[in-house]
Amino acid sequence: MMSNWSEQEKQQFPDNLVTWYEDEKRELPWRENRDPYRVWVSEIMLQQTQVDTVIPYFERFMTLFPTMHIFAEAPEELILKAWEGLGYYSRVRNLQTAMKEVVELYDGIVPTDKETVLALKGVGPYTAGAILSIAYNQPEPAVDGNVYRVYSRLMEIEDDIAKAKTRKVFEKVVAETISQTNPGAFNQALMDLGATICTPKNPKCAACPVAQYCRSHASGTMLNFPVKTKKIKTKQRYLVTAIIQNNAGEILVQQRPETGLLANMWMFPSIEADKPFADLATSFKIGLDLPVYVNQESLGQVKHVFSHLKWEVETLTGIITTDEFKLPENYRFVSITAMKHLPFPVPYQKVWQLYLKTRSGMRDE
DNA sequence: AATTCGGGGCG
DNA sequence: CGCCCAGAATT
């Protein structure tokens, strides 16, 4: 689709937006400079993740891994721990794969060529555009959720943003209107505009620096945009997990498979099904086949919602009945101190909190 | 083209 | 509760 803007509008819009940005931009840790390493890390963290969530993770990450080389050489357990709670954990594993490649093939210099950047693991069309425009000042579109919302409103673009091919429509209109002199500031201005002014529910059009260009503002149709059809249904899953201690008071933990949900993260030994378990303790014993005594009484349930499924986790306790058995590869007995160094997904952090709460309650009684 | 990948914030 | 968030990889 061609934009419905006049040549004059196309010419003036980027300067107005960049001027607003220079004046009103948010001070964010990754905006201290244009270091491609920092820009890259921030863009990966910000995928599907809000700015306020990312800020403390980014600060810790830069303290832990001040350079690309240090990050590239870090053990996986440490990089997952640095990502713990952020979600989409393949992001940090792909990031390390890609940065190892940059260190080895390009002497640690992030490539400036679009095809080369796009070929890096975890770097798609949005992130490539963000890196090239912000770090290297190249006039590349970086189409994300903000850009869909801002441009669909600006030009009343009715293409369904749930469809894959729609991204190209927006890349085209951004390319037609991007600032040639300061594309990095321009793209970041679109982010700030989308986050602070052109918001999904209550857009603050009175404060918008580019309302004069906005077709949906003129016709009052802001809330009709962007058009998005897809609705996803979440599936319910039932888990049973158990805090199991040996005679030394160590906790039994289990590492998840290297692919799929929460890949390579740790958890308490668990079994899963699509229906509730009738007999928790028995199901658990049979499911795991370890020499444990499992208490019949549950500590309670932990609920957790993912983007595409829901977990209800029954939490049990147990003890090892004999040391005479061989622990499978993906299991480990760890002290509580050592456990704190392993990456656990949030639902299992909730399980641990439930366990601690129950124990403190027992002491009080 | 559709599904799979987390987790939190908000009306 | 459902939608959104500085999306990408896999199927």
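Below, chains carry the letters A, B, ... as their sequence lines are ordered, and counting in each starts from 1.
Rounding to whole angstrom units, CG of residue N264(A) and C1' of dC5(B) are separated by 14 Å. The OH-P distance, from Y88(A) to dT3(B), rounds to 15 Å in whole Å. The separation between L95(A) atom CG and dA9(C) atom P is 12 Å, rounded to whole Å. Between R26(A) atom CZ and dA6(C) atom P there is a gap of 7 Å when expressed in whole angstrom units. Remark: C1' of dC5(B) and NZ of K121(A) are 13 Å apart, rounded to the nearest angstrom. With rounding to whole Å, Q349(A) atom CD is found 14 Å from dG6(B) atom P. Nucleotide dA6(C) holds its C1' atom 16 Å from the CZ atom of F170(A), rounded to whole Å. Atoms CZ (R256(A)) and C1' (dT4(B)) sit 13 Å apart, rounded to a whole Å.
Comparing dG7(C), dG6(B), dG8(B) against the side chain of V346(A) picks out dG8(B) as the nearest. Of the candidates dC4(C), dG6(B), dA6(C), dC4(C) carries the atom nearest the K228(A) side chain, counting heavy atoms from C-beta on. Checking dT4(B), dA6(C), dC5(B) against the side-chain heavy atoms of K235(A) singles out dT4(B) as nearest.
Dashed line: the shortest gap from a side-chain N or O of H304(A) to OP1 or OP2 of dG6(B) is not under 4.0 Å. Within the 4.0 Å cut-off from OP1 or OP2 of dT4(B), not a single side-chain nitrogen or oxygen of H308(A) is found. In this structure, Y148(A) does not reach the dC4(C) phosphate: none of its side-chain N or O atoms is under 4.0 Å from OP1 or OP2.
At the heavy-atom level, R31(A) lies under 4.0 Å from base atoms of the strands shown. W83(A) comes within 4.0 angstrom of nothing in the nucleic acid, heavy atoms only. In this structure, S90(A) reaches neither bases nor backbone, as no heavy-atom distance under 4.0 Å exists between it and the strands shown. Among the protein residues, K163(A) comes within range of no part of the nucleic acid, since none of its heavy atoms lies under 4.0 Å from any strand. Contact annotation for R167(A): no contact, since no heavy-atom pair falls under 4.0 Å across all strands. Using a 4.0 Å heavy-atom criterion, one finds that L28(A) contacts the bases of the nucleic acid, with or without backbone contacts as well. Nucleic acid contact class of F306(A) (heavy atoms, under 4.0 Å, all strands): sugar-phosphate only. P226(A) comes within 4.0 angstrom of no nucleic acid atom, judged by non-hydrogen atoms across all strands.
Here, dC10(B) and dA6(C) have their P atoms 13 Å apart, quoted to the whole Å. For the C1' atom pair drawn from dC3(C) and dG6(B), the interatomic distance equals 15 Å after rounding to whole Å.
Of the inter-residue distances, the one linking M62(A) atom CE with D35(A) atom CG reads 7.5 Å to the nearest 0.5 angstrom.
The six-membered or imidazole ring of Y355(A) lies near that of W352(A), with a centre-to-centre distance under 6.0 Å. Checked against the 6.0 Å centroid criterion, the rings of F61(A) and F71(A) qualify as a close aromatic pair. F58(A) and W30(A) have their aromatic ring centers within a separation under 6.0 angstrom. No close placement of the Y21(A) and F186(A) rings is indicated, their centers lying 6.0 Å or farther apart. Between Y151(A) and F170(A), the gap from one ring centroid to the other reaches at least 6.0 Å.
Hydrophobic clustering, with ILVMFWY side chains joined whenever heavy atoms are under 4.5 angstrom apart, keeps Y126(A) apart from V92(A). In this structure, Y293(A) is not a member of the same hydrophobic cluster as I244(A), with clusters built from ILVMFWY side-chain heavy atoms closer than 4.5 Å.
The stretch residues 191-208 of chain A has no heavy atom under 4.0 angstrom from DNA chain B at all. The stretch residues 41-56 of chain A comes close to DNA chain C through E43(A), L46(A), Q47(A), Q48(A), Q50(A), V51(A), each having a heavy atom under 4.0 Å from the strand.
T127(A) contributes no side-chain N or O that forms a donor-acceptor pair with the base of dG7(C) under 3.5 Å.
Each of W266(A), F344(A), Y89(A) was evaluated against L80(A); a single residue qualifies, Y89(A), per the side chain to side chain contact (heavy atoms under 4.5 Å, CB included) test.
Residues T221(A) and E156(A) bring a donor and an acceptor atom of their side chains to less than 3.5 Å of each other.
Nearest-nucleotide positions on DNA chain B for V305(A) and K165(A) put K165(A) closer to the 5' end.
Of the possible polar contacts, one joining the D192(A) side chain to the R26(A) backbone as a donor-acceptor pair under 3.5 Å is found.
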